[in-house]
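Let me begin by presenting the structure, written as structure tokens, before commenting on it.
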Amino acid sequence: MSDLPYRFEPTATAAELHERFDSLDAGAETDDTVTIAGRLLLRRVQGKLAFGQLQDSTGRIQLFCPAQVTERFEEFGNLDLGDWIGATGEMMKTRKGELSVRVREWVLLAKARRQFPDKWHGLSDVDTRYRQRYVDLWVTDEARRAFQIRSQVVSSMRRRLEAQGFVEVETPLLHAIPGGALARPFITHHNTLDIDLYLRIAIELHLKRLVVGGLERVFEIGRVFRNEGIDPRHNPEFTMLELYQAYADYEDMMRLTEELVAGIAEEVVGTTRLTYGGQALDLTPPWRRATMNELIAEHAGVEVDLEMDVDALRKIASGFDVPVDDDWGPGKLILEIYEKTTESELWGPVFVTDYPQEVSPLARAHRSKPGYVERFEPIVAGRELGNAFTELTDPDEQRARFEEQARLKAAGDEEAMIVDEDYLRALEYGLPPTGGLGIGIDRLVMLLSDAQNIRDVILFPTLRPEQER
RNA sequence: GCGCCUCUAGCUCAAUGGCAGAGCAACGGACUCUUAAUCCGCAGGUUCAGGGUUCGAAUCCCUGGGGGCGCACCA
């Protein structure tokens, strides 16, 4: 029978105590009684005097425990590193100037039956860090920091969007028709309906239905699933912000993006001038705008255009070692050339604009450039941070785009879309001019926490299951 | 999916074909101002698993497993 308490009531956190009492002089004693709780992560017993370092979610505070003052002193000295305890005592500073709680009463809240990692070296095996995040969070300062930043980023994002009149919604994760992006979905099954359902690969189509429904500014921050490879920038489930704004176009979305990201950076890390992977990264608006074709010319040294002969584009692509598929039109060829030669070279931030329509089935045709759409991707540190466009609103045009996608699907393209009749019906009721934007939250947090691996900003990244021993 | 690298005590790491080791943690002891406390003592292992080569394997080879990086795919 365990005699561990069912409840405990700390009156202060480590951070609060430092804020209130750091100004004490070395050797000072007070009558201020506090109760704190946390894990004992360091301990130094010295005969009739013991010191402990208690860590809670806000930081660390020293416990000062003379045998004459601290109850059950012998037992206190036998605590293991990692034990959860609660302690009550008076605030003081040691002669050496370390702020401490002089512990009178204390209670064991939970026993650490497994040994904690080395107090100095911590955990370096990344596999263990990801699998046992509950340990990692205690012993790896950067891990705690990254997830604090993540929390603040999402919180700041919500507040900023709400302040601009955006309404947050939740739409289904289980989709009968996967859509809104070009990606392979996870498939699952509903027993009672006896139908296959897909974990969503994007939020897009439901949110645009809501704009049809009169939610003129709408957003969702939520999990999206793509059945693709895992690498330092990709996790099969990741978090996206998607937002849609009636009456806006992609120029509005560019302004919104740079202001949102810069505002969040300012609020969360205090500056828009970051260092990412040792290189300076300045998120201060305005960000550069450049068309895909201009950037290809800059970085690959070749002029490409949809007007060009397909065979000429094929030749250019092959020249850059792009494996060319016979089915690809000029738009897909240009995109592949861009991704192979240019994208990873862009440090940014830069808005890459004016994508070929062929690879953008949900974006509206460019108002002045035939064959192109009003779409951009914000590129930062050589990677896409998001995707946005002036939304395609014409139901007939959308049907034609879906049918072209369905043709590609039939030809073997597993990432192509299929016709979504209900979405077309919604468009037939009328979607106003609308700007849409998606931002990868994980990627944004990586930038702001200087993380080189997406797993460092996802608490429990997807891993192979451990084998039974 | 392919290629390269990696896996040794709870943690961090040595030992590169010749007796499996250290620091921290644990365990026993000393110590009333420590800061990774210090000092003395004592334990701790299916070297990821299985097979092979060898007088002898943590080390070399093969198969399998976990992880990392790169490529492919993608945001």
Side-chain angles (χ1 to χ4, degrees), chain A residues 26-27 29 41-53 60-70 73 77-82 92-100 102 112-132 135-136 138-140 180-185 201-202 224-242 321-323 335-336 339-340 343-344 377-380 382-388 413-415 438-444 446 452-455 461 463-469:
Chain A
E29 310 226 342
L41 285 188
L42 280 175
R43 201 200 50 204
R44 297 177 283 275
V45 182
Q46 195 171 295
K48 296 281 186 262
L49 178 64
F51 298 88
Q53 283 279 350
R60 292 184 172 193
I61 186 79
Q62 177 165 276
L63 305 179
F64 180 87
C65 305
Q68 288 185 329
V69 174
T70 303
F73 178 80
N78 282 327
L79 286 170
D80 287 321
L81 300 187
M92 59 164 283
K93 249 192 189 174
T94 61
R95 288 174 208 158
K96 295 280 176 61
E98 179 82 19
L99 185 66
S100 309
R102 191 178 52 245
R113 286 171 49 179
R114 291 174 182 264
Q115 282 189 42
F116 258 63
D118 187 291
K119 61 191 175 190
W120 185 243
H121 298 98
L123 275 178
S124 71
D125 179 38
V126 292
D127 183 38
T128 307
R129 290 190 49 215
Y130 299 147
R131 288 189 199 279
Q132 301 185 32
V135 177
D136 184 42
W138 285 105
V139 301
T140 311
L182 302 170
R184 294 166 64 178
I201 56 174
V224 166
F225 307 83
R226 296 189 185 175
N227 204 340
E228 286 150 2
I230 298 175
D231 67 32
R233 304 287 179 129
H234 300 267
N235 197 63
E237 51 179 308
F238 62 102
T239 303
M240 291 247 301
L241 160 73
E242 283 199 31
D321 290 327
V322 173
L335 179 69
E336 291 290 329
E339 287 182 348
K340 180 77 175 189
E343 186 176 84
S344 61
E377 289 191 353
I379 304 296
V380 185
R383 288 286 169 167
E384 297 134 77
L385 184 61
N387 188 15
D413 184 347
E414 292 187 77
E415 289 163 5
I439 289 182
I441 301 285
D442 314 87
R443 293 268 176 90
L444 177 57
M446 286 173 70
Q452 304 303 310
N453 194 313
I454 196 169
R455 292 169 162 194
L463 297 171
R464 274 203 175 78
E466 282 181 283
Q467 278 195 303
E468 296 294 328
R469 299 208 174 191

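In what follows, chains are A, B, ... by sequence order, proteins preceding strands, each numbered from 1.
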Comparing A/Pro117 and A/Trp120 on RNA chain B - which has the more 5′ nearest nucleotide: A/Pro117
Distance below 4.0 Å between A/Lys340 side-chain N/O and B/C71 OP1 or OP2: no
Length of the CZ-P vector between A/Phe225 and B/C73, whole Å: 24 Å
Pairwise C1' distance, B/G56 and B/C19 [rounded to whole Å]: 12 Å
Span that lies between the P atom of B/C60 and that of B/U8, in whole angstrom: 15 Å
Minimum-distance nucleotide (side-chain atoms of A/Arg131 versus B/C73, B/G67, B/A26): B/G67
Nearest-angstrom distance from the residue atom CG of A/Leu241 to P of B/A75: 17 Å
Closest to side chain of A/Arg43, choosing from B/A26, B/U35, B/G67: B/A26
Inter-nucleotide P distance (B/C7, B/U16), Å rounded: 14 Å
Donor/acceptor link under 3.5 angstrom from A/Asp118 side chain onto base of B/G23: yes
Separation between the C1' atoms of B/C31 and B/C40, rounded to whole Å: 12 Å
Nearest-angstrom distance, C1' atom, B/A26 to B/A43: 9 Å
Length of the line joining A/Asp136:CG and B/U12:C1', which is rounded to integer Å: 15 Å
Opposite nucleotide pairing with B/A25, Watson-Crick or G-U, both atom distances under 3.5 Å: none
Watson-Crick or G-U wobble partner of B/C4, both distances under 3.5 Å: B/G68
Who pairs with B/A58 - Watson-Crick or G-U, where each distance is under 3.5 Å: none
Pair partner, B/U63 [Watson-Crick or wobble, under 3.5 Å]: B/A49
B/A30: pairing nucleotide in any strand, Watson-Crick or G-U under 3.5 angstrom: B/U38
Proximal nucleotide (of B/A75, B/A25, B/U35) relative to the A/Lys119 side chain: B/A25
Gap in Å between the two P atoms, one belonging to B/A20 and one to B/U47, rounded: 11 Å
Separation of atom CG in A/Leu335 from atom P in B/A75, rounded to whole Å: 9 Å
Rounded distance (Å) that lies between atom P of B/G10 and atom CG of A/Leu123: 14 Å
Spacing of the C1' atoms in B/C61 and B/G67 (rounded, Å): 23 Å
Sugar-phosphate only, base, or nothing, as touched by A/Asn235 at under 4.0 Å among non-hydrogen atoms: base
From B/G67, B/U35, B/C69, nucleotide with atom closest to A/Gln53 side chain: B/U35
A/Asn453 side-chain proximity, nearest of B/A72, B/C69, B/G67: B/C69
Side-chain N,O (A/Arg464) to OP1/OP2 (B/G67) below 4.0 Å: yes
Comparing A/Ser124 and A/Glu377 on RNA chain B - which has the more 5′ nearest nucleotide: A/Ser124
Pi stacking test for A/Phe238 and B/A75: under 5.5 Å apart, planes under 30°: yes
Span that lies between the C1' atom of B/G65 and that of B/U12, in whole angstrom: 24 Å
